[in-house]
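Quick notes on the structure that follows.
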Amino acid sequence: MKTLSNYEMRDVDVLLHPATNLAAHRKTGPLVIERGEGVYVYDSNGNQYIEGLAGLWCTALGYGNQELIEAAREQMSKLSFSHLFGGKSHEPAIELAEKLKELSPAPASKVFFTASGSEANDTQIKLTWYYNNARGKPKKKKIIGRMRGYHGVTIAAASLTGLPIFHADFDLPMARVVHADCPHHYRYAEPGETEEEFATRLAQNLDDLIQREDPETVAAFIAEPIQGAGGVIVPPRTYFEKVQEVLDRYDIRLIVDEVICGFGRTGNWFGSQTYNIKPESISFAKAITSAYVPLGGVTVSEPVYQGLVSESEKLGMFAHGFTYSGHPLACAVAVKTLEIYERTNIVGHVQQTAPVFQTRLNALADHPLVGEARGTGLIGGLELVKDKATKESFAPSEGVGAKAAAFAQDEGLICRAVGGDTIGLCPPLVIDGSVVNQAFDALTRALDKTAHWVETELGQKLGS
Ligand SMILES: Cc1ncc(COP(=O)(O)O)c(C=O)c1O
């Protein structure tokens with residue numbers, strides 16, 4: 001067993017880590033990250049890593065961006081806090097909302113700010129309910145998430161999330177949340193079913209689900225363009241068009257969770273554009289500030305806004321909002337982040353770098369451990385399987401994905417196993433082709449080591 005250093009023991013003594021196997025952590029201790037520069041981070045022993053997951057899919061401009069640091073310093077010196085409650089306002093929030101209205105793929109009349117993606121998705125539910133009460137549809141309240149979707153961890157957002165481990169023993173999901181199919185062709189298509197046929201079947205299943213629940217009770221459907229934390233699941237061709245038709249038939253809001261895909265990740269400003277989705281509203285967070293400061297939010301369409309106005313008039317107040325809804329520091333940094341994205345044409349940069357990234361990713365489909373390589377733009381996933389022909393997965397207890405991520409870390413690349421044994425990759429958007437190649441070289445060595453470990457330590461033969 002590993003002997004923990006004094007530093008590592010201090011962590012184990014005081015921190016409760018999110019999304020961590022707490023028992024294993026007591027034995028392995030933490031990786032203490034001390035500083036970052038560009039697309040690299042450095043641990044407390046001075047080791048350098050390529051940040052292959054952009055932190056948690058968020059540090060789009062990498063580390064140490066002096067313009068963002070200066071924007072934060074200036075705003076903190078001028079007005080370190082103010083809020084938007086009771087009609088107060090400040091310039092950074094106004095400027096940011098104006099910019100987001102211009103960029104949003106949803107028809108935004110107003111923007112509401114939060115400090116996180118979970119709060120944004122909670123807000124989506126509350127706005128939906130409040131709006132449907134305002135328009136005299138008090139029964140229309142159910143929200144449809146999808147299996148393997150990820151929308152955060154607060155009680156409501158975790159309920160939308162379609163990953164069983166985020167529900168188990170937390171007594172979730174809460175009432176009025178149901179889950180539709182996961183759109184993963186590789187895993188869930190029938191033998192011989194094309195992507196289009198699979199999409200048609202899923203849309204029909206969604207229609208059936210809505211009928212079973214009663215369309216008069218279903219208010220909204222929430223979806224990520226690419227399911228990130230559920231395993232980097234790319235939608236099958238024609239999926240969103242078909243789903244959209246079903247939702248329109250029953251007057252159901254389409255909320256697109258752009259928390260990972262927003263701001264360039266898929267090679268367009270938003271994932272909605274990449275997949276031809278016409279959201280009624282979006283949730284955003286993460287890359288809006290390149291994760292220099294926490295900020296999230298939602299767009300509000302004009303009809304929903306009018307509903308909120310009339311309901312708040314009736315009740316005396318629109319009684320929702322967080323202390324940090326529109327924190328001036330976060331808004332100022334977001335304004336600067338969006339300015340940098342535009343000035344440096346970050347979307348163009350992603351389009352230029354993506355072919356290198358996707359070519360290297362897809363080449364790993366031939367690796368004996370990889371069942372499927374999938375991705376778009378600068379996001380990718382490699383699903384590790386025991387048998388390529390049968391697609392048989394490893395048992396979760398074998399921890400093969402986590403082991404591969406640990407080998408990658410030894411090779412100087414930070415990545416993560418998500419949605420089981422899928423290695424998720426999502427580097428800072430500013431990464432260039434040569435570092436992409438270094439990252440995939442490291443990952444290839446890590447996968448080779450993992451395959452060897454599976455055969456020697458787990459004593460399992462890989463099928464081909
Ligand atoms: C798609 C998506 N939505 C929502 C969230 C939750 O955001 P937060 O962790 O800021 O609450 C995440 C976090 O990874 C996410 O990936």
Side-chain angles (χ1 to χ4, degrees), residues 17-20 51-60 105-106 112-126 143 145-163 165-167 170 172-173 177 179 182-183 220-235 240 254-266 270-272 274-275 277 279 281-299 322 324-325 327 330 333-334 375-381 415-419 422 424-426:
H17 283 267
T20 298
E51 212 343 325
L53 205 75
L56 288 172
W57 331 79
C58 53
T59 58
F112 181 87
F113 292 118
T114 67
S116 72
S118 298
E119 288 176 357
N121 289 328
D122 265 26
T123 296
Q124 291 284 17
I125 298 178
K126 288 182 75 179
I143 317 282
R146 296 180 303 169
M147 293 309 297
R148 297 182 72 177
Y150 185 82
H151 302 289
V153 295
T154 52
I155 287 177
S159 296
L160 300 177
T161 291
L163 296 165
I165 199 159
F166 285 86
H167 297 161
F170 288 115
L172 295 174
V177 173
H179 293 92
C182 167
F221 177 88
I222 184 164
E224 302 153 85
I226 293 178
Q227 294 187 312
V232 190
I233 296 162
V234 178
F240 276 108
L254 172 54
I255 298 165
V256 175
D257 184 338
E258 291 273 5
V259 166
I260 287 181
C261 292
F263 309 104
R265 176 59 59 191
T266 63
F270 292 92
S272 293
T274 302
Y275 295 108
I277 315 172
S281 168
I282 61 165
S283 300
F284 56 84
K286 296 193 189 266
I288 187 163
T289 58
S290 191
Y292 277 62
V293 192
L295 178 74
V298 306
T299 61
F322 305 96
Y324 301 137
S325 282
H327 192 294
V333 170
T376 302
L378 286 181
I379 182 167
C415 56
R416 241 179 110 202
V418 287
T422 294
L425 287 164
C426 180

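Numbers here simply count residues along the sequence, with the first being 1. Whatever order the structure lists ligands and atoms in, that order sets their numbers, starting from 1.
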Worksheet item: Donor-acceptor pair, Glu119 side chain versus Thr123 backbone, under 3.5 Å?
Response: no

Discussion item. List the residues meeting side chain to side chain donor-acceptor pair (under 3.5 Å) with Thr114, not counting sequence neighbours, and say none if there are none.
Written reply: none

Worksheet item: Can you name the residues that come within less than 4.0 Å of ligand 1, going by heavy atoms only?
Response: Ser116, Gly117, Ser118, Asn121, Tyr150, His151, Gly152, Glu224, Asp257, Val259, Ile260, Lys286

Worksheet item: With Phe221, which residues qualify under ring pair (Phe, Tyr, Trp, His ring centres under 6.0 Å), at least two apart?
Response: none

Discussion item. Under the rule for ring pair (Phe, Tyr, Trp, His ring centres under 6.0 Å), what residues qualify as partners of Tyr292, not counting sequence neighbours?
Written reply: none

Practice prompt. May I ask you to check whether Phe166 and Tyr150 place their ring centers less than 6.0 Å from one another?
Written response: yes

Discussion item. Checking side-chain contact (heavy atoms from CB on, under 4.5 Å) between Ile282 and each of Leu254, Val259, Thr299, which is the one that passes?
Written reply: Thr299

